[in-house]
K.L.:
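The structure follows.
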Amino acid sequence: MQENNMHEIDDIKAAIEQAVKDIQSSATLREIKMKFLGKGGNIPSLMKKLKEVPPEQRPELGKIINALREWADARFNEVEKFVKEREMGARYESEKIDITLPGKMRKKGAYHPDTLIIDELVSVFAGMGFEIFEGPEIETDYYNFTALNTPKDHPARDMQDTFYLGPDMLLRTQTSAGQIRVMENKKPPIKVLSPGKVYRFDDDATHSPMFSQMEGLVVDKGITLCDLKGMLSEFARKVFGEGVKTRLRPSYFPFTEPSVEVDVSCFECGGKGCRLCKGTGWIEVLGAGMVNRAVLENCGIDPDEYTGFAFGMGIERIAMLKYGINNMKLLFEGDVRFLKQFKA
Ligand code: PHE
């Protein structure tokens, strides 16, 4: 057994001990392990050198080198276990969460009552086969009035106080303006529902300068007032409750002939008379009528071939009735204490 071989073995042991002494990470440990045990590492090259020693010494030296390898393996495993444990400890520490801390509450929004009503109406009427059309809020005098059989000198213009933007431009006072846009672009059969904002120079507990309407328009061959009544009765039952009845009262709109106001039996008292219906047992919900022949003609639809009906309702009014809101201002103030009560 050569003296210098033994030296080398001791040196390697000492070098390994030295290398793992202050080891910080398992990545460094892997490198060190490679250096000593990997291909071409110190210990395997020692094995290679075995060829150079006289044959009779080989078995003994071979054993010694094997023992060194085993020792090194065991030593690295030991160190690895220790380093890994320490690394895990550090990770647990850095990722520690305090489960006793109170959670962050996420504030949940709520839909505005107008939106809830619009969504409900859209789904009721979509179920009856209506399409949705949204017209512009800035309109020309023609679409908002003239084409709707309300020329400049027509007294019915006084029914709606209008915000004019110029001699011919205005903020639409009614979603009925959309009727013309639909009929100009689409030939019957027409079945359109048109929600949107409208503007009038008006401001008190039941009126706001900006509010929302929902317009309905049906044009086809053989449409009668009976179809209007049937469809609106169905709408009233779906929105206000199964037992609700509907009645039509004569009214006037320039663009419908005949025109009607539609009342529903009071869903609060069942028609006996209460505060909501002001003792009458009935609540007015919308205006409607058969599309005036002149309006059909203005849109290039032959009134001898086609007839139609239209209806228009105020969304805020429906919301106030349905949710028992007594002041329209609440719908425009954006006060979260009010709005959060309408979580759907
Ligand atoms: N546009 C009318 C209004 O704003 C309502 C209405 C619509 C009436 C359609 C009849 C037909 O008062």
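Order of listing sets the numbers, starting from 1, for every ligand and every atom in it. Keep in mind the model is a prediction, meaning the values are calculated, not measured. Residue numbers count from 1 along this sequence.
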K.L.:
Do the side chains of E120 and K238 get close enough for a salt bridge, i.e. N-O under 4.0 angstrom?
P.N.:
no
K.L.:
Got a sec, which residues hit side-chain contact (heavy atoms from CB on, under 4.5 Å) with Y164, two or more places apart in sequence or on another chain?
P.N.:
D141, F145, R157, T162, L170
K.L.:
Please output the residues near ligand 1 using a strict heavy-atom distance under 4.0 Å, listed in chain and residue-number order.
P.N.:
Q160, Q174, S176, Q179, R200, Q213, E215, F253, F255, T256, G287, A288, A310, F311, G312
K.L.:
Answer yes or no: is there a donor N or O on one side and an acceptor on the other, between the side chain of T115 and the main chain of Y111, under 3.5 Å?
P.N.:
no
K.L.:
Linking I/L/V/M/F/W/Y whenever their side-chain heavy atoms sit closer than 4.5 Å, directly or via other members, would F332 and L339 fall into one cluster?
P.N.:
yes
K.L.:
Would Y323 end up clustered with V124 when hydrophobic side chains under 4.5 Å apart are linked, directly or stepwise?
P.N.:
yes
K.L.:
Over 60° means perpendicular and under 30° means parallel, so tell me whether F130 and F125 are parallel, tilted or perpendicular.
P.N.:
perpendicular
